[in-house]
2 protein chains.
Amino acid sequence: MLKLSKKIEYGIQALQYMANNSGSVISAKEISEQLNIPYEFLSKTLQILNKNGIIISQQGIKGGYILARDPKSTTVAEIIKALEENAIIVDCLSNDQENCDRINFCTIKNPMNKLQEKINFLLNNTTIAEFSEV
Amino acid sequence: MLKLSKKIEYGIQALQYMANNSGSVISAKEISEQLNIPYEFLSKTLQILNKNGIIISQQGIKGGYILARDPKSTTVAEIIKALEENAIIVDCLSNDQENCDRINFCTIKNPMNKLQEKINFLLNNTTIAEFSEV
DNA sequence: TTAATTCGGATAACAATAGTCCGATTTTTA
DNA sequence: TAAAAATCGGACTATTGTTATCCGAATTAA
Ligand code: FES
Ligand code: FES
């Protein structure tokens, strides 16, 4: 398993949709219907993206969301972080793992870290804009 | 989430251990104790690696495992595959997903595939040998 | 023949993901 | 000013996937 969650997948596709319709405020309902994504789940996802500055919400009737920034400057890595997930390939490389019961036996931290950094590079260099230019 | 499973993590570390002790047959028990990995779970993992040609088993007392190939030629991608998992970042890119109910709405296949290929390149170019030269 | 090991199938415990429900709040507009 | 359509937020449920364990059988060296 090395899979992005549905939250991230839906989030990216929704941002892509907004990028392709920039200028107008897009509702969760519209995205949900156009992309066939479960409405309630998508709503939650967009709320988190809003809370963390990736998109801007407008409440009330006629409300919805718009991108907070240029699609070129919003990376997949930022989206993952904004959705309160991480892209750490082994627990080993996590910050809050003082309680790993294998830490004194760990022989993979360094090599795994090298691989991690390469993956991070990819995630940091893939932007929403690249999803728009289909 | 973009995490490797414990099966893969343990598998890689076990292979690394074998690479560092090449020449001798290593039992699951020894690896389990040396690396503090749950014995039964590790056993299963090694059995799968054996079945799929990454290591060679020797049964009976004094039995255990040795690497089937040069650590330099065993990649992380192969290990993942041998452990019957995959490293597909979104379902979209999977072979057996005729039943994705978003396929007619899918706008992420191409860009996701580009990212996938870059990740595949990393996994195909990281070998067990690199884990040994700590 | 015994002991230490792999083998293989089933199953259980746990955790994470995915999805839903519902009431409250906001804001436009008729 | 009331209604409608949207976001907000918390709790909750369902489902799936991961991790771990159990146990009996087969294998083989001593
Ligand atoms: S620190 Fe726990 S396995 Fe590396
Ligand atoms: S094919 Fe199902 S989301 Fe791309």
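Labels below follow one simple rule: chain letters A, B, ... track the order of the sequence lines, proteins then strands, and each chain is numbered from 1. Predicted model only: the values in this text are computed from it and were never measured.
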What is the per-nucleotide protein-contact pattern of nucleotides 23-30 of chain C, from the 5' end, where B denotes a base atom under 4.0 Å from a protein heavy atom, S denotes such proximity for sugar-phosphate atoms only, and - denotes neither?
---BBB--
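- Put simply, CG on B:N52 is 14 Å from C1' on C:dC7, counting in whole angstrom units.
- Neither OP1 nor OP2 of C:dC7 sits under 4.0 Å from any side-chain N or O of B:S43.
- In this structure, A:L49 places its CG atom 14 Å from C1' of D:dT7, rounding to the nearest Å.
- With B:T127 contributing its side chain and B:T74 its backbone, the two residues share no donor-acceptor pair below 3.5 Å.
- In this structure, CD of B:E84 is placed 12 Å from P of C:dG8, rounded to the nearest angstrom.
- Judged by distance alone, the side chain of B:S32 and the main-chain N or O of B:I37 form a donor-acceptor pair under 3.5 Å.
- Here B:E9 pairs with B:K6 in a salt bridge; the nearest charged N to carboxylate O distance falls below 4.0 Å.
- The closest side-chain donor-acceptor pair between B:Q16 and B:N20, if any, does not fall under 3.5 angstrom.
- Considering only heavy atoms from C-beta on, A:V76 comes within 4.5 Å of A:I80 through its side chain.
- Computed from coordinates, the A:Q47 CD to C:dT20 C1' distance equals 14 Å when rounded to whole Å.
- When hydrophobic clusters are built by joining Ile, Leu, Val, Met, Phe, Trp and Tyr residues whose side-chain heavy atoms come closer than 4.5 Å, directly or via intermediates, A:L93 is grouped together with B:L122.
- Using a 4.0 Å cut-off between a side-chain N of Lys or Arg and a carboxylate O of Asp or Glu, A:E130 and B:K114 do not qualify as a salt bridge.
- B:E33 is linked by a side-chain hydrogen bond (donor to acceptor under 3.5 Å, both in side chains) to nothing, counting only residues two or more places apart in sequence or in another chain.
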What string of B, S and - do you get for nucleotides 15-24 of chain D, 5' to 3', if B is base contact, S is sugar-phosphate-only contact and - is no contact with any protein heavy atom under 4.0 Å?
---SBBBBB-
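- Atom CD1 in B:I56 sits about 12 Å away from atom P in C:dC7, given to the nearest Å.
- The environment of A:F105 atom CZ is dense: over 12 non-hydrogen atoms of other residues, nucleotides or ligands sit within 6.0 angstrom.
- Considering only side-chain N and O atoms, B:N50 lies nowhere under 4.0 angstrom from the phosphate OP1 or OP2 of C:dT6.
- We find that CG of A:L46 is positioned 8 Å from P of D:dT7, with the value rounded to whole Å.
- Distances shorter than 4.0 Å separate some side-chain N or O of A:S57 from OP1 or OP2 on D:dC8.
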